[in-house]
Amino acid sequence: MGIFERLRILLWRRQRLFAGLYVGLVGLMVLGVGAYCLLPAKYDAALSIALRARTYFASFEPVEAARREFVAGRFAVAERRLVHFLDEHRRTQPAQLHTHAVTDGHMLLSEVYRSQNRLVRADRELAAAAKRTPLDYYIWYVKGRDAESRGDLAGADKDLERAFLLAPNHRGVAETYLAVLADRNASERILWVADRYERACRRGAPAMDIRAGARRSALQRWVLDEIGIPVEHGRYTRSLDRYGLQRGEGRSIELPPALWRPWIGGAATLYLQLRVQHCYDGFEVDGFTFVKDSGEQERVAADGRVQYLHRAHSGAEFYAEIDTGLNAAEITAITVHYSCPEGGLSEDSVRIVDKARENALVKGGH
C-alpha cells in the first residue's frame with residue numbers, strides 16, 4: 001500500500017488529528033502571511049469543509065474502482081479490491097459519515113459473491129452492512145429478497161419486516177413483504193401490513209422544504225461539487241417553508257414572493273434549493289412557471305436547471321438546487337411542477353389483501 005493511501009487512511013481514522021493539523025496550518029499562514037487575515041470568514045469555512053470533503057469523497061474511490069471491475073466482468077479483481085478495502089477500514093465507527101463507503105463496499109462485495117453463486121458469503125456481507133448501518137431499509141430489503149430467492153421464507157419474513165418498519169410507506173417494500181406473507185398464509189399479518197402501509201402513506205406524505213437565495217460564489221459552488229451534499233453556505237434564507245405534496249403525476253406547488261423578496265435585493269439571480277422527504281423513488285422536478293411583475297408567465301423545462309446534490313443513504317430524501325436564471329426582483333410567484341409516484345398498492349397486492357380479509361371473515365364466522 002502506497003504512502004498516500006496510508007496517509008489518507010490515517011486522516012480518515014483520526015478526524016481530531018486532521019482538524020488539529022488544519023488549525024496549525026492556518027496558524028502558520030496567519031503568522032507568515034498577513035494577507036491571510038483579509039480572507040473572509042465564510043471562505044475560510046468553505047476551505048475547511050472542502051478539505052474534509054476531499055477526505056470523505058476519496059473514501060469511495062476504492063469501492064467505485066471495484067464496481068468498474070465488477071461491471072467489466074473481472075469478478076476476482078473486484079473481490080480482491082473490496083476485501084482489501086474492507087480489511088483496511090474494519091475499525092471505522094458506524095457513527096462516522098464516511099461509514100457509508102464501507103457499507104457500499106459490503107453491498108458490492110455481496111453482489112460479487114452472488115454473481116458467483118457463493119450465496120453464504122453474499123449473505124454474510126449483507127449482514128455486515130446491516131450491522132454497520134442498521135437503519136438503512138434498503139439493506140434489509142435486499143436481504144429479504146435474497147432469502148426469498150433461496151426459499152427461506154422465515155428469513156425473508158424477518159428481514160422484510162425490518163425493512164417495512166423502517167420505511168412503512170415504501171410501496172416496493174410493502175408489496176414484496178405482502179407476497180412473502182401470502183406464501184406463508186399469514187392472513188392476520190397481511191392485514192396488519194396493509195393497514196400500516198395505508199396509515200403511513202397518509203402520515204408520511206411527501207413534503208418539500210424550499211429555500212430561496214442569490215447565486216453562490218464560485219468557491220462555494222466548488223465546495224458543493226466536491227462534497228456532493230448540500231452545504232448551508234451562501235445567502236439562502238434561514239426560514240424554511242414546508243409544503244405537503246400530493247402523490248400522482250403532473251402536480252404543482254405555487255411559491256409566494258414572500259419566500260425570497262425580503263432576502264434578495266438588486267438584480268440577484270434567484271436560486272432555489274429543494275429538500276424532498278418521504279418520497280423514496282421516482283420523484284422528479286419536471287419544470288417551472290415563473291410569474292413576473294408585468295403579469296408575463298414564463299414556462300421552462302427542468303432540463304439542465306435541476307442539479308440533484310444528494311440522496312440520503314437510505315434513499316428517503318434528496319436535495320436539489322435550481323438556477324432559475326431570472327432576476328429575483330422581477331418574480332412575483334413560482335410554480336414548481338413535479339412528478340411523484342402513487343402510493344397505492346398494485347393489483348396483485350390488492351388481491352393478496354382481499355383474500356386475507358376473506359380468510360379473516362371465514363375464521364370469524366366459525
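Keep in mind it's a predicted model, so treat the numbers as computed, not measured. Numbering of residues begins at 1 and proceeds along the displayed sequence.
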For this session: Report yes if some heavy atom in the side chain of R299 is under 4.5 Å from a heavy atom in the side chain of H337; otherwise report no.
Result: yes
Problem set entry | Euclidean distance, H84 NE2 relative to H89 NE2, rounded to 0.5 Å | 8.0 Å
Exercise. Taking all non-hydrogen atoms of both residues, which atom of A129 and which atom of I139 are closest, and how far apart?
Worked result: O-CD1, 3.6 Å
Exercise. For S110 and R114, does a side-chain donor sit closer than 3.5 Å to a side-chain acceptor?
Worked result: yes
Exercise. Side chain of E175, backbone of S346: donor and acceptor closer than 3.5 Å?
Worked result: yes
Problem set entry | Flag side-chain contact, heavy atom, 4.5 Å: L126 against M107 | yes
For this session: Any chance you could measure K292, atom NZ, to I331, atom CD1, to the nearest 0.5 Å?
Result: 7.5 Å
Problem set entry | R162 vs K143 side-chain heavy atoms within contact, under 4.5 Å | no
Problem set entry | N359 and I190, any side-chain heavy atoms less than 4.5 Å apart | no
Seminar exercise, completed: Given the options V63, L108, V102, L86 meets side-chain contact (heavy atoms from CB on, under 4.5 Å) only with V102
Exercise. Taking the side chain as C-beta and beyond, is there a heavy-atom pair between E161 and W140 under 4.5 Å?
Worked result: no
Problem set entry | Check: F70 and S115 side chains under 4.5 Å, non-hydrogen atoms | yes
Exercise. Looking only at heavy atoms, what is the nearest atom pair of T335 and S252, with distance?
Worked result: CG2-CB, 3.4 Å
Exercise. Would you find more than 12 non-hydrogen atoms of other residues, nucleotides or ligands less than 6.0 Å from E188 atom CD?
Worked result: no
Problem set entry | Spatial distance of atom CG (D104) from atom CZ (R132) [nearest 0.5 Å] | 11.5 Å
Problem set entry | L191 side, atom CG; L178 side, atom CG - distance, nearest 0.5 Å | 9.5 Å
Seminar exercise, completed: Rounded to the nearest 0.5 Å, the CG atom of L109 sits from the CZ atom of R118 at a distance of 8.5 Å
Exercise. Do the side chains of Y141 and L160 get nearer than 4.5 Å, heavy atoms only?
Worked result: yes
Seminar exercise, completed: Rounded to the nearest 0.5 Å, the CZ atom of F164 sits from the CZ atom of R196 at a distance of 6.0 Å
Problem set entry | Electrostatic pair R357-D354, nearest N-O below 4.0 angstrom | yes
Exercise. Do Y177 and D157 get their side chains close enough for a donor-acceptor pair, meaning under 3.5 Å?
Worked result: yes
Exercise. Side chain of D286, backbone of S339: donor and acceptor closer than 3.5 Å?
Worked result: yes
Seminar exercise, completed: Residues passing the salt bridge (Lys or Arg N to Asp or Glu O under 4.0 Å) test with R199, sequence neighbours excluded, are D195
Exercise. By salt bridge (Lys or Arg N to Asp or Glu O under 4.0 Å), which residues pair with R202, not counting sequence neighbours?
Worked result: E198
Exercise. What heavy-atom pair brings A302 and V285 nearest, and what distance separates the two atoms?
Worked result: CB-O, 3.1 Å
